Amino acid sequence: MRIFSSERASRFTESVIREMTRICLKHQGVNLAQGFPDFPAPTEIKEAAIQAIQNDWNQYAITWGTPNLRRAIAEKFAWYNGISVDPETEITVCCGSTEAMISSLMAIVNPGEEVIVFEPFYENYGPDTILCGAIPRFITLHEPDWHFDERELAQTFNNRTKAIIINTPNNPTGKVFSLEELKCIADLCLKWNVVAVTDEIYEHILYDGTKHTSMASLSGMRDQTITINSISKTYSLTGWRVGWAIASPNLTASIRKVHDFLTVGAPHPLQEAAATALRMDRSYYKDLATQYQERRDFLAQALRETGFRVYLPRGAYYIMTDVSRFGFSEDVTFARYLVEKAGVATVPGSSFYSHPSLGKTKVRFCFPKKKETLQAAVERLKKL
Ligand code: GLN
């Protein structure tokens, strides 16, 4: 019989992160799997969205984003990341950073070219490379501090390498790439003429005084970097699907074409409200980080007390844990047990690795949750 599924689609599985959310709903569990907040977004942003609909911003926006939002993105990129860009030619607004990432990769990568991915990686990067017909090359981040071997990285670059995906602060490890590490990557990108595609959506969620550095701010990298970001994590608006890619005019022209034919554009009224979000008082970001630090410290301590080995994150809102001492032979069985018996959903570690065996002693918890949600999860875990 003819197989209707494409060879491409058969090369990756359903998202385990999203699957865990569905299993969690079935068991009425506490969802510490898919990373989204259960607390409200700032009132002024929601009001801006209501106003935008009332004002009839209800038809397609310009494909690559409303001028107002692109200006707001450029203003914020200048003050926070220290990089000035032209909103007319260097920004593409997309349906979330997920679309910004796939549009960017499809805009630059040819089938058969290689894309370097740090592992463990955010689940989407695997299918993203497959959908582009690219060959992923994995570089291990070694626990407990998730460092990489510079020699191994240097040996992985070659003349088929087209892009390297960096995610800092990192999902799932909480690693924040240091300036030295980014410089090492930048030198290799410049040497081999490789584009750095950098997902910086957790740039404001930082702990213990850790600083975020944008790859595009490094000498020589401004025109060889695509910076991906969104309103999802910073303003607790994961369901609005507003993200963007910032890149040189040349790269942007290609990204815009792919984006246009994939989705036409992100929701217009929500783009207008996103501009309000990006222009919020700067004190907002400090408060955000403080609140996340409290959540991280609370969950990390509770997990340690319950028998998990915690890799304390320096950024983002996930905690990777080692679960060897619970005696399960693999992570998926353990994660199923946790959601079915304790009622707490997590993401099995294997979802973040190219070979499932590499993640078999790990599960990831997320903590963008109200204190009472985290408390409820901890109560359930204690019963284990
Ligand atoms: N980034 C979030 C996570 O890793 C949500 C992923 C998603 O479902 N888009 O859990």
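One-based numbering, in listed order, for ligands and for the atoms of each. The shown structure was predicted, so the numbers you read here are calculated from the model rather than taken from an experiment. Just so it is clear, the values below take in all heavy atoms, side chains as well, and ignore hydrogens, waters and symmetry mates.
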Is the NZ or CZ atom of Lys175 both under 6.0 Å from the centre of the six-membered ring of Phe177 and within 45° of that ring's axis? yes

Under a 4.0 Å threshold between the charged nitrogen and the carboxylate oxygen, would Glu19 count as salt-bridged to Arg336? yes

Tell me which pairs pass side chain to side chain donor-acceptor pair (under 3.5 Å) where either residue lies in residues 361-378, with sequence neighbours left out. Asp38-Thr373, Glu143-Lys362, Asn171-Arg364, Asp322-Thr361

Please output the residues near ligand 1 using a strict heavy-atom distance under 4.0 Å, listed in chain and residue-number order. Ile17, Arg18, Ala33, Gln34, Gly35, Tyr122, Asn171, Tyr202, Lys233, Tyr318, Arg364

Under the 3.5 angstrom rule, does the side chain of Tyr207 hit a backbone N or O of Ala316 as a donor-acceptor pair? yes

With sequence neighbours left out, write down each residue that passes ring pair (Phe, Tyr, Trp, His ring centres under 6.0 Å) with Phe12, or none if nothing qualifies. none

May I have all residue pairs that pass salt bridge (charged side-chain N to carboxylate O under 4.0 Å, His left out) and include part of residues 89-102, sequence neighbours excluded? Glu90-Arg222

